[in-house]
Amino acid sequence: MPDFDNPAVADVLDTVGDLLEISGADKFRFLSYHKAAHALRAFPEDVMTLAAEERLTEVPGVGKKLAASIMALVDSGTFPELEAITAELPDTLVELVQVPGLGPKKAKVLYEELGVASVDDLETAIAAHRLDGLGGFGPKTIENLVAGIDAFRRHRQRALIADVLPFADRIVSAMRELGGTVDAAFAGSLRRRRETVGDVDVIVASTEPEAVMQAARTLPRAERIVAGGETKTSIVTTGGLQVDVRVVAPEQYGAALQYFTGSAEHNVALRAIAKGMGLKVNEYGVFRIADDVRIAGATEDDVYAALGMAMPPPELRENTGEIAAALAGTLPRLLELSDIRGDLHMHTVATDGKSTAEQNRTKAAELGYDYIAITDHAANLRMVGGLGVDALERQWELIDELNSRGDGPYLLKGIELNIDDNGDVDYDSSVLARFDIVLASLHSGWGQSRDVATRRVLRAMENPFIDVISHLTGRVLRRRDPIDLDIEAVMAKAAETGTALELNSYPDRLDLDDAHLRIAKRAGVRITLGTDSHEATQLGYMTYGVGQARRGWIEAAGVLNTLSLDGLRAQLKRGRAV
DNA sequence: GCCGTTTTCGGCCCGACTGTTTTCAGTCG
């Protein structure tokens, strides 16, 4: 039987949705596929389990029809609607509508009139002037498509949040300095702390809108102005990143921030609720439909209050349960950066790090931490000079010396072990017993089957000295797919053995992802946050881990390194065993 | 295709900007 995880099934649903849209299907029909895909990605139970127990309709947006189709997919590997639609349209059309400026309608024309079915086809057709004279494709449109193909190629991979957030902060600062600006912030997926972002949305409340638009047109690194109106300016930077700056009146600021923070799914659900109350929500405010009187909009709190609910933190706004919680007044109090008392994963010059333990300690003091764990690579990772027992002894002496100064964060003697093909690790018990904290992770075997890879992890968790499994899936955003694991089994074993799972906060890992975190929370698995720093300034990456944790509905109580040093020690396996 | 405090049918969110269209469709967020 084929094995699918939730994202894999969601991808199929999205493909069908895109192709249905291109084929001209009813809007609500193709939207329902995307809606179900979105819900499935965030759903805390495994699709295979749901299918086996005939509980697929418990996923919001999955009804009888989609449940039956998903059953067919997991049983036979084929999705009936996908088979039907690809008989008429090639699935490469899905990439065609990824080109900025090219939507489903134009894609359909290109395919039917010229046989263009991919971005490569489009480029060839433009070069051969085959679009000239085609209805709806004037010279300006063709010019935009050429730029769109370029942007697609350069930027088809969404940018890492860490590469965009500092830049967005600078834009916001520049907007704040303009005369007439009352407030400014970035919105969109960046504000929701998605792990990658496609563009930057900046909202400015100002009494001098033209000054804001002028500033937006002349932003540093602006390479091309995509749109320049009275309320919205879009530019593309030299790095291929699109920045949209919108200006609104101060009394509209909260509504605009809410609206452009999204997500689209969150807003759709919100507006449906508004409608039921005789209200309308748009980027200018909340209005009574009956007399078009504006009743809220200056702040986001007002907007949500007008709809009878508390304000969900931006990280939760994905329409995956936050609206019900906001209405019921049961929103979680999410983890905050200030809750973090220490960083539990970092490397030093002893292996492949660039900073010394002392430099990491200095940075940790700046961040106000009570403790950090020095977790260099263990012996079997020879490539990066993994530490033998002699080297460990030297590192421990150094740590003892630093701790004896009594003036900074406490350094825990840690290690990042390698889980080998059998689930065994670098050192025997006599060595493992001497650490304060032990992490273990996969560093090889990316192509292994789910069964083999899962067995390695489960066996490692049974080791009484292994406190934490770090970067569970081994994924590297935009470079390496996650290893295929039976997440449900991993979570169950983690809960059973008291093994914590790390949320690796290095920007291109952010592993666990938000869906894993929700599963972990539900299973009662404890989480640790570590930056996996290889250089002292990278200890600052903790903010990205916290953002991801918040997306996963994680609260401070579920995170071990929100505890005091003694509290943390008591929760590690060696602390619990005695 | 989904769903229910307007329930088993008939809804399903809303506006700015652009280009080509001479009155509006397509795209985007």
Side-chain angles (χ1 to χ4, degrees), chain A residues 13 16-17 20-22 24-39 56-70 80-81 96-110 133-145 147-148 151 187-192 197-203 209 213 225-234 242-248 252 255-256 258-287 289 307-308 319 327:
Chain A
L13 293 173
V16 174
L20 282 172
E21 182 176 9
I22 294 165
D26 175 69
K27 174 171 154 192
F28 300 107
R29 187 162 162 242
F30 69 73
L31 277 178
S32 66
Y33 281 85
H34 293 304
K35 213 179 238 180
H38 181 76
L56 283 166
T57 55
E58 289 181 17
V59 179
V62 175
K64 274 189 182 158
K65 179 84 195 298
L66 282 181
S69 298
I70 294 170
E81 284 72 29
L96 206 54
V97 296
Q98 309 290 320
V99 174
L102 183 55
K105 296 291 200 296
K106 283 194 161 72
K108 185 161 194 253
V109 171
L110 287 170
L134 188 61
F137 291 79
K140 199 70 183 151
T141 298
I142 292 173
E143 193 182 307
N144 285 342
L145 285 178
S189 54
L190 191 60
R191 185 160 179 246
R192 302 200 311 278
V197 296
D199 59 17
V200 176
D201 297 292
V202 175
I203 312 295
M213 293 293 90
I225 297 173
V226 180
E230 292 175 6
T231 63
K232 174 190 165 185
T233 295
S234 297
Q242 179 159 332
V243 180
D244 296 343
V245 179
R246 294 165 204 272
V247 61
V248 298
Q252 300 166 334
Q258 191 289 316
Y259 187 90
F260 289 107
T261 296
S263 64
E265 291 82 359
H266 175 86
N267 286 354
V268 166
L270 216 56
R271 289 189 287 256
I273 287 173
K275 198 160 194 174
M277 299 170 70
L279 301 172
K280 180 180 76 170
V281 184
N282 61 28
E283 60 262 56
Y284 303 112
V286 182
F287 298 82
I289 292 171
L307 302 178
N319 193 29
L327 284 166

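Computed from a prediction, not measured in an experiment: that's the story for all the values here. Chain naming here is simple, since letters A, B, ... match the order of the sequence lines and numbering starts at 1 in each.
For Asp244(A), the listed nucleotide lying nearest its side chain is dG29(B); candidates were dC14(B), dG29(B), dA16(B). When the nucleotides dG29(B), dC17(B), dG1(B) are ranked by their closest atom to the side chain of Arg246(A), dG29(B) comes out on top.
Distance check on atom C1': dT7(B) versus dC2(B) gives 13 Å, rounded to whole Å. If you take atom P in dT6(B) and the same atom in dC12(B), they sit 14 Å apart, rounded to whole Å. Nucleotides dG29(B) and dC13(B) are separated by 12 Å at their C1' atoms, to the nearest Å. Taking atom P in both dG15(B) and dT20(B), the straight-line distance is 26 Å, to the nearest Å. Nucleotides dC24(B) and dG11(B), compared at atom C1', are 26 Å apart to the nearest Å. Rounded to whole Å, the separation between the C1' atoms of dG1(B) and dT5(B) comes to 23 Å.
Nucleic acid contact class of Gly276(A) (heavy atoms, under 4.0 Å, all strands): base. In this structure, Val109(A) reaches neither bases nor backbone, as no heavy-atom distance under 4.0 Å exists between it and the strands shown. No contact: Asn267(A) has no heavy atom under 4.0 Å from any strand. Nucleic acid contact for Lys35(A): none, since no nucleic acid atom lies under 4.0 Å from a heavy atom of the residue.
Residue side chain Tyr259(A) reaches the base of dG29(B) through a donor-acceptor N/O pair under 3.5 Å, judged by distance alone.
With Ser189(A) contributing its side chain and Arg192(A) its backbone, the two residues share no donor-acceptor pair below 3.5 Å.
Under the Watson-Crick or G-U wobble criterion, with both distances below 3.5 Å, dC28(B) is paired with dG15(B).
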